[in-house]
Amino acid sequence: MTLNTSISEREENSRMISESAAAALADGVARARGLRFSSPGFDRAQWSEFAELGWLSLRLPEDRGGLGMGVSEYCALAQQLGRALVPEPLIGAIGALGMLPDAALTEVVEGRRIVLPALSCSADSPTELRAGKLYGTAVHVPMAAGADAFLVRLDAGDYALIDASADGLTMDCANTHDGGHLGTLHFDGAAAEQVSNDNPDTWEDATLATAAYLQGVAEASYELTLDFLKTRQQFGKPIGSYQALQHRMVDLYLELSLLRVSIAGATAAIDDGATGAARRAEVSRARARASRAADVICRQAVQLHGGIGYTDEADIGLFLRKNMTLQASFGGQSMHRRRFYNEKGVGQ
Amino acid sequence: MTLNTSISEREENSRMISESAAAALADGVARARGLRFSSPGFDRAQWSEFAELGWLSLRLPEDRGGLGMGVSEYCALAQQLGRALVPEPLIGAIGALGMLPDAALTEVVEGRRIVLPALSCSADSPTELRAGKLYGTAVHVPMAAGADAFLVRLDAGDYALIDASADGLTMDCANTHDGGHLGTLHFDGAAAEQVSNDNPDTWEDATLATAAYLQGVAEASYELTLDFLKTRQQFGKPIGSYQALQHRMVDLYLELSLLRVSIAGATAAIDDGATGAARRAEVSRARARASRAADVICRQAVQLHGGIGYTDEADIGLFLRKNMTLQASFGGQSMHRRRFYNEKGVGQ
Amino acid sequence: MNTPVTDKDMNTLDNAAFRTEIRTWIEANYPPELRNPPLRLHLKENWPWYKLLSDKGWLAPGWPREYGGMGLSPEKHVILTEEFERHGAARLNDHGISLLGPLLIKYATEAQKAHFLPRILAGQDIWCQGYSEPGSGSDLASLRTSAELDGDEWVINGQKTWTTLANDANWIFLLVRTDKTVKKQRGISFILVPMDAPGVTVRPILNLEMHDEFCEVFLDNVRVPAENLVGEINQGWTMAKALLGFERLFLGSPRQAGYALSRLVMLAEKLGVADDPVLSDQIAQYALDLADHKLLFASFLREIAQGNPVGSEISLLKISQSELFQRISSTMMDIAGEAAGLVDPIFAQGALNPAGQFLQARPTTIYGGTAEIQRNIIAKQVLELPG
Amino acid sequence: MNTPVTDKDMNTLDNAAFRTEIRTWIEANYPPELRNPPLRLHLKENWPWYKLLSDKGWLAPGWPREYGGMGLSPEKHVILTEEFERHGAARLNDHGISLLGPLLIKYATEAQKAHFLPRILAGQDIWCQGYSEPGSGSDLASLRTSAELDGDEWVINGQKTWTTLANDANWIFLLVRTDKTVKKQRGISFILVPMDAPGVTVRPILNLEMHDEFCEVFLDNVRVPAENLVGEINQGWTMAKALLGFERLFLGSPRQAGYALSRLVMLAEKLGVADDPVLSDQIAQYALDLADHKLLFASFLREIAQGNPVGSEISLLKISQSELFQRISSTMMDIAGEAAGLVDPIFAQGALNPAGQFLQARPTTIYGGTAEIQRNIIAKQVLELPG
């Protein structure tokens, strides 16, 4: 892993990955709309292309065959994913990949095998591995129907890797408003392999990348709405000329500006070497801000679009739906607000 | 006490008391301004007039020589007191009066003797009565410097009546921003008389009347601001023509409207016979709303007045200062919100 | 007339007795499978309820008894509505009943009344309302759908949108422009059009709940007889505006916010977070807001019941209830955590569906005049602010 | 020139060394009794600090060294300000230093510069700023104070208001109208007036803190020599606007909100409510808002330090910090309970004064352009919204 890359190097890398992602995702929102409520809700061919672009191995150290990039570059990518409402579960997959043993890596990095994380378990039915057999119930597994395997967090703390087709694994899927789904995985003595957690920061990265994805959602919503205000006419003038709406847009712009600096601040601090509590505080500050900003921006965006915003055919609703689904992904606002405060205090 | 007066009777009484109070307080805000930061911060001659108008004995049952009016009429009066920023501590005195033994009543009802309540004691120095001698420290006693006697709540629950000039009683006063003060009373074996609490609702009345006083403060602030918006010109037109300010005023109008119905609802329910938990819920709903509405209205009123609102010579600041001082009088927003919820639930 | 008429004037009952009678009947008769539907029902779904009310003579509470209505006072009408809502009764395809009927009664010819009113009461005609257009949302009076007289027929061209349940209706009442030379409110007329007339096309619009409650209606050289115009020509705007009073009251009913708050409390219990102090404090504030909102609603009701005119300040009710509903639904989303995005209820029992509540709360600050338009109205007409 | 000049160019130090030098010196020299004054100090109170800085040559960090300033880069200027604020150093009567000086350096004649600049540095002249007028608060360009040339003297009539510390000043710089026939921004000039000129009257205005920080200044046939005009006639507006950049940055400094948050936490501890979960959750949100605000502030600083032009979006900083300061101060009031109204600190130690913080927070959304004006500016100039 290349440590302590300079700021200018990171900025250059981020710009490049951002541009190439924007190009690769040029048909973004229309593609996302088309995949809604299908099974598995995303496109495996697209997944292979993402893998070819190196997105899956972006954070993997160079000595393990990855690109060894920083969270700055990762978040630059995640923003583009959010702008295009990319339904493929890349953030989960990249997180899981960071935990895999070397032997399991190649297929995954090349996009031939999709391993998704299953991190929460049912309180009534905790996940446990006994003699190579997995028991219990994992819940809230995004895009579970598209996985070839799952990296299951065990109730006791470690992980288990299990094939999606394993005997003794059954799955229920429930649709989410963004057109995807959450899977519930029931394990009844299914064969699984224990994986020891040697990369505790992998979920910190996923948390921050989720914040960046939400930043992309917020940015695109904001831009759609600003355009709408400039063009939609009522009472003989563009609605963006009304002061009450102008001030509301300024409030959204402030929230978005705080989100931008919050994520940029976190990525810079982490790539500069922040660890432990300092790192967690950075991640939580950015993640809490992201949920807050995306939520207020998407809600107001729909309101400012008026009746049109309430139709399924208007794209703005797709952003609201994605925001609804991601609000609590890798921890919601209140949890991260609390964690930030516990790790950091009032920062005086 | 005349129980269960009809709504129309109460409305008529309230209208009358409201009109006579408005007439008696015609020089209201200017008088209040003049008395600020003086000692005792209010006017004894005025007190006598209030007594003559029957305001002190308004809630006292007819069989004890009072007017036996309901909380509807009391709150109609308190609103007028708030509109005129009356500094005389009538609400406290009326509360104390409701607890006094018959023998002590006449002088007080006639305004010749001012008995004010001292309800909170210092945690370090609890108030206690031992063999007719009072010990401890009472805190946050509004307008203490003007009292002839105090009705002191003992830490154990009962009350003690003590002369302001009693040996062993010393007093410190600290100015409040409304131009009044809070007294700290140190009791070091001062002679006092025990008073048993036979009217637990007297402080409920005082709490509700404080809400009504704050309603008066909020109404007057709102009206001053609405006038200001209609007359103050900037960029060649009245500032009230700007949509952002119009919408802000509508929000204040909504808050004020909720406050009005909240207090009217509470007074009607209580005069119709609500007791116990139902009564406490009514009082707390109205009191919590009053703090919230007065606070948002007074703060926005100063903001909408612009630079002028920040000068001491503008009357709007007097309302803000009174609001600051009364926010927590007889319990603040969060305490009453909690009590309302505990007594009433979500009301489904 | 062939229409069902109730056998007694229910205004003669006192309020409590009236409420009991309504409640008893609805509990005994309302189809249980239609209670608290998560989405607005289509005609084919709510028809059993329509038919029941029609047979009972309770379909049109506000119409005079001589026209087959219940002739209820506003106060009793509100009690009836409260009891329906309390039981979770579905809303009907009610544009013919609540909007067109009163307008016909006030402005139509005897022939029009005799023809159309009984057909509404019998469920033969289901009406939809064609007011909004794609270019005229908040600015309704800028509508452009035109009607031109050609011999003894009106020729109608244009497009309507947000037409609720147009896909269920066999008739539509339209506001159309009949004079382009005068100021915009002045040249508008009120016309009745059968949905099967050549040139009428309906396209459902999916909303954020993926429901086709709203439609677009295209009118392409649609011809109707001259006598389908109601009232005087170019007076349509005034007529339509005059009938909005009672509708506006119901947009401010505490029903949605109250229902949402009860679901929030149940959800918190199910999720085991009911004792969280931050959440409790929020719920307490919502409970307080709801209680005060109910008092505000009751104060307007009292004015209407006493026959006092209620002005634009009634818009306060809609702002207050819709924004409270939105705040409550946001908290449901917050506590639902990762399940917040689910389409189906997260606990089937009690229909605990945070995302559904959240999405249903969205349009409440948009339809019937956006929250911004309501604030403009109050600022100008109640606070009398300039400009 | 007789002015004190520092013996070295401190820009040559790296940032850390520069910060250390400032910090060490201020800790050794700053008058302890002047730390963290609750109200803005008058000249007679802050004079020891003025004199210290003057003697040290650190009074004018932003002026070029050739004029007796420190000639600091914006980046180092910010570090210096951070260190002063960190130590709780009082703000001086600084209008001559921070506003007039740069304007004279850019626009004045050599004679004007040679006369006025050294007198500011030596503390001989204390300036105040005469821009606002009673009728022109947010709409500054509508000012009406006039100056007419009569022979070789300007005759000035009018009234200024919100003139900070005019009661301490011996000179005032004014924006005055010198041409009433052109559009309002065009006919404004910049003129220097001694406060002891006949016809100048000062009336202090008490503010909500009962402090006379602001004054009204009346100008009644005040005559000054023609050469007291700075720059070109009718160019005063443009000149004054051009110098606002750095001032605007400091209106968005996280200082007030950060100080208030530290006091809130101390107050909560003193009152024994620091563990209240609702309060903790609020404080956590403030801490988060403050942290993000600091990052936003730093991002603007970086632009300025790199010499990039910073546009109207800098108004975001002022909105963000002032409204956060207000939210924090409101929570201080909430937890202070019955003591919230007290004029003096409720705990002397730590100067815990909720009402003082609350009142100080009020004008931050008013002065330097109200929060509403700032939003107008961003809407038009940054978001490019129409109208």
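A note on names: the letters A, B, ... follow the listed sequences, proteins ahead of strands, and every chain is numbered from 1. Please read these numbers as outputs of a predicted model, since none were measured by experiment.
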key: D/E384 portion near chain A, given a 4.5 angstrom heavy-atom threshold   = both
request  = Provide the closest heavy-atom pair for D/L288 versus A/A288 in the form atom of the first, atom of the second, distance.
outcome  = CD1-CB, 3.8 Å
message = Rounded to the nearest 0.5 Å, what separates atom CD in D/Q285 from atom OG in A/S334?
response = 10.5 Å
request  = Determine the minimum heavy-atom distance between D/A287 and A/Y341, stating which atoms define it.
outcome  = CB-CD1, 4.2 Å
key: Stepwise side-chain contact (heavy atoms from CB on, under 4.5 Å) test for D/D289 and A/R289   = CA-CA 8 Å; D/D289 288 342; A/R289 175 66 57 192; 2.6 Å; yes
ask   = Just wondering, more than 12 heavy atoms not from D/N308 lying within 6.0 Å of its CG?
value = yes
query = Should D/L295 and A/R285 be marked as a side-chain contact (heavy atoms from CB on, under 4.5 Å) after you check the CA-CA gap, both sets of side-chain angles, and the distance that decides it?
reply = CA-CA 11 Å; D/L295 289 167; A/R285 190 200 61 240; 3.4 Å; yes
task = Kindly compute the distance separating CD1 (D/I378) from NE2 (A/H247), expressed to the nearest 0.5 Å.
result = 9.0 Å
Straight-line distance of A/L254 CG to D/E323 CD, nearest 0.5 Å = 8.0 Å
Main-chain N/O of D/P386 paired to A/Q246 side chain as donor or acceptor, under 3.5 Å = yes
remark   = Ranking D/S315, D/G387, D/S320 by heavy-atom pairs under 4.5 Å to chain A gives rank one to D/S320
request  = For A/G240 and D/L385, work out which heavy atoms get closest and say how close.
outcome  = O-CB, 3.6 Å
query = Roughly how far apart are A/Y253 OH and D/R375 CZ, rounded to 0.5 Å?
reply = 13.5 Å
ask   = So which part of A/R292 gets closer than 4.5 Å to some heavy atom of chain D, the side chain, the backbone, both or neither?
value = side chain
query = Is there a side-chain contact (heavy atoms from CB on, under 4.5 Å) between D/L383 and A/Y222 once you walk through the steps?
reply = CA-CA 11 Å; D/L383 311 192; A/Y222 171 83; 2.9 Å; yes
message = A/S257 vs D/L296, test: side-chain contact (heavy atoms from CB on, under 4.5 Å). Steps then yes/no.
response = CA-CA 7 Å; A/S257 300; D/L296 189 64; 4.0 Å; yes
note = Ranking A/L229, A/L259, A/L258 by heavy-atom pairs under 4.5 Å to chain D gives rank one to A/L258
task = Report yes if the side chains of D/L264 and A/V346 come closer than 4.5 Å at any heavy-atom pair, otherwise no.
result = no
request  = Sort D/Q374 into side chain, backbone, both or neither according to what part of it lies under 4.5 angstrom from a heavy atom of chain A.
outcome  = neither
ask   = Can D/N376 and A/Q243 be counted as having a side-chain donor-acceptor contact under 3.5 angstrom?
value = yes
